[in-house]
Number of protein chains: 2
Amino acid sequence: MRFRLGEYVPYLLSRAGVSLATNVSRELDAFGVSLPMWRVMAALLDEGEQRLGDLARLTAIELSTLSRIAAAMEARNLVTRRRSGQDARAVIIALTPEGRAKTESIVPRAMDWESMAVAGMTEDEVRVLKGLLQRLYGNVAGPEPLPGPERD
Amino acid sequence: MRFRLGEYVPYLLSRAGVSLATNVSRELDAFGVSLPMWRVMAALLDEGEQRLGDLARLTAIELSTLSRIAAAMEARNLVTRRRSGQDARAVIIALTPEGRAKTESIVPRAMDWESMAVAGMTEDEVRVLKGLLQRLYGNVAGPEPLPGPERD
DNA sequence: TATTGTTATACTCTATAACTATA
DNA sequence: TATAGTTATAGAGTATAACAATA
């Protein structure tokens with residue numbers, strides 16, 4: 001059984017993701033935010049204010065890393081951090097007006113990055129790609145480490 | 001225009017890639033190799049010995065990082081480094097017999113990781129996913145930074 | 001001069017664990 | 001006791017640039 005790198009899904013996924021992330025990071029320099037910061041901003045713009053832990057899951061950023069990123073973003077007036085009223089242990093992260101404005105200024109470029117990534121694909125192919133990536137994530141996400149090759 | 005995180009390809013790609021990579025890294029601990037090392041080993045197993053620069057492109061690992069990884073792998077007898085005969089500037093990286101044996105011992109588990117990632121997908125869907133990821137990579141790879149939203 | 005790698009630096013993210021505050 | 005975050009530390013990858021050897 002030969003191992004075919006060019007047909008191996010984890011490789012194809014990683015390679016595409018790394019290359020796209022590298023390009024996007026470079027573009028984000030012009031906006032003065034890092035890629036993880038942009039992910040946080042995009043998540044907050046779409047989903048509204050979030051508990052830090054939920055934001056970590058949403059962005060796939062490790063919690064302690066996100067804690068520091070959130071602190072840096074607060075220092076730059078992009079987000080606020082406040083204790084939850086319901087659960088005083090939880091911290092709610094929310095976009096400031098400045099953060100929202102900056103995020104909205106990036107969104108049009110972000111759409112360009114997506115267009116570039118899927119250039120040459122039909123709308124239907126893009127839809128299929130999104131669906132498959134969502135399903136793949138569902139298979140590999142979650143607290144369970146790695147159940148096994150089949151999940152049924 | 002609302003920004004839909006759950007429909008945004010770069011996000012879906014990153015989220016899936018990060019989650020899968022985290023799982024795979026954890027599994028690779030048992031083999032005593034890091035994820036970047038496994039990528040290098042898999043590339044060498046499939047494509048044969050490579051110049052360092054080609055290996056960097058193949059694995060999407062930054063060149064200076066790969067240089068250090070290759071040194072570490074050489075120290076562990078997984079690969080050899082030798083100067084190319086045709087171009088004495090170039091360094092050829094090749095699997096040692098031990099490196100090859102270790103790589104081949106990982107391959108079956110690697111196939112499991114892929115199976116887990118695509119669980120629930122038909123063979124046809126997997127084929128489509130691979131094709132789309134390859135095309136996406138083609139759109140975002142290359143020396144050109146970011147040409148624009150359309151490439152025609 | 002340009003290219004291939006190596007090395008060094010500064011920065012960032014991850015993994016882990018210890019710790020605080022709250023539930 | 002368990003959970004939500006914070007903080008500290010060690011390890012590793014990235015970006016960048018300076019450098020050596022070769023083309």
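Protein chains get the first letters and strands the later ones, always in sequence-line order, with residue 1 at the start of each.
Residue contacts for A:R83: at a heavy-atom cut-off of 4.0 Å it reaches no nucleic acid atom on any strand shown.
In this entry the distance linking CZ of A:R81 with C1' of D:dT6 reads 9 Å, nearest Å. Taking atom CG of residue B:N23 and atom P of nucleotide C:dT14, one finds them 14 Å apart after rounding to whole Å. Separating the CZ atom of B:R82 from the P atom of C:dG5 is a distance of 12 Å, rounded to the nearest angstrom. Regarding A:I92, its CD1 atom lies at a distance of 16 Å from the C1' atom of D:dT6, rounded to whole Å. The CG atom of B:L66 sits 10 Å away from the P atom of C:dG5 (whole-angstrom rounding). B:L28 has its CG atom 16 Å from the C1' atom of D:dG13, to the nearest Å.
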At a cut-off of 3.5 Å, list every protein nitrogen or oxygen paired with a nitrogen or oxygen from nucleotides 1-4 of chain D, distance to 0.1 Å.
from  : atom 1 : to    : atom 2 : distance (Å)
D:dT3 : O4'    : A:R89 : NH1    : 3.3
D:dT3 : O2     : A:R89 : NH1    : 2.9

Polar atoms only, N or O, under 3.5 Å: list the protein pairs with nucleotides 11-13 of chain C and their distances.
none

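Residues passing the side chain to side chain contact (heavy atoms under 4.5 Å, CB included) test with B:R100 are B:L45, B:L95, B:E104, sequence neighbours excluded.
Look at B:D46 and A:R2 and you find a salt bridge, because one of the NZ, NE, NH1 or NH2 atoms lies within 4.0 Å of a carboxylate O, short of that distance. Salt bridge status for A:D54 with A:R57: present, with a side-chain N to carboxylate O gap under 4.0 Å.
Aromatic ring centres of B:F3 and A:W38: separated by under 6.0 Å.
A:S64 and A:E62 form a side-chain donor-acceptor contact under 3.5 Å, judged by distance and modelled atom types alone. A donor-acceptor pair shorter than 3.5 Å can be found between the side chains of B:R39 and A:S14.
Of the two residues near DNA chain D, A:Q50 and B:A60, the one whose nearest nucleotide lies more 5' is A:Q50. When each of A:S64 and A:G85 is assigned the nucleotide of DNA chain C bearing its nearest heavy atom, the one mapping closer to the 5' terminus is A:S64.
For the pair A:V140/B:M116, a side-chain contact is recorded, criterion being any heavy-atom separation below 4.5 Å from C-beta on.
With hydrogens and angles ignored, the 3.5 Å screen pairs no side-chain donor or acceptor of A:R15 with any backbone N or O of B:A60.
Once rounded to the nearest 0.5 Å, the distance linking CD of A:E114 with OH of B:Y11 reads 13.5 Å.
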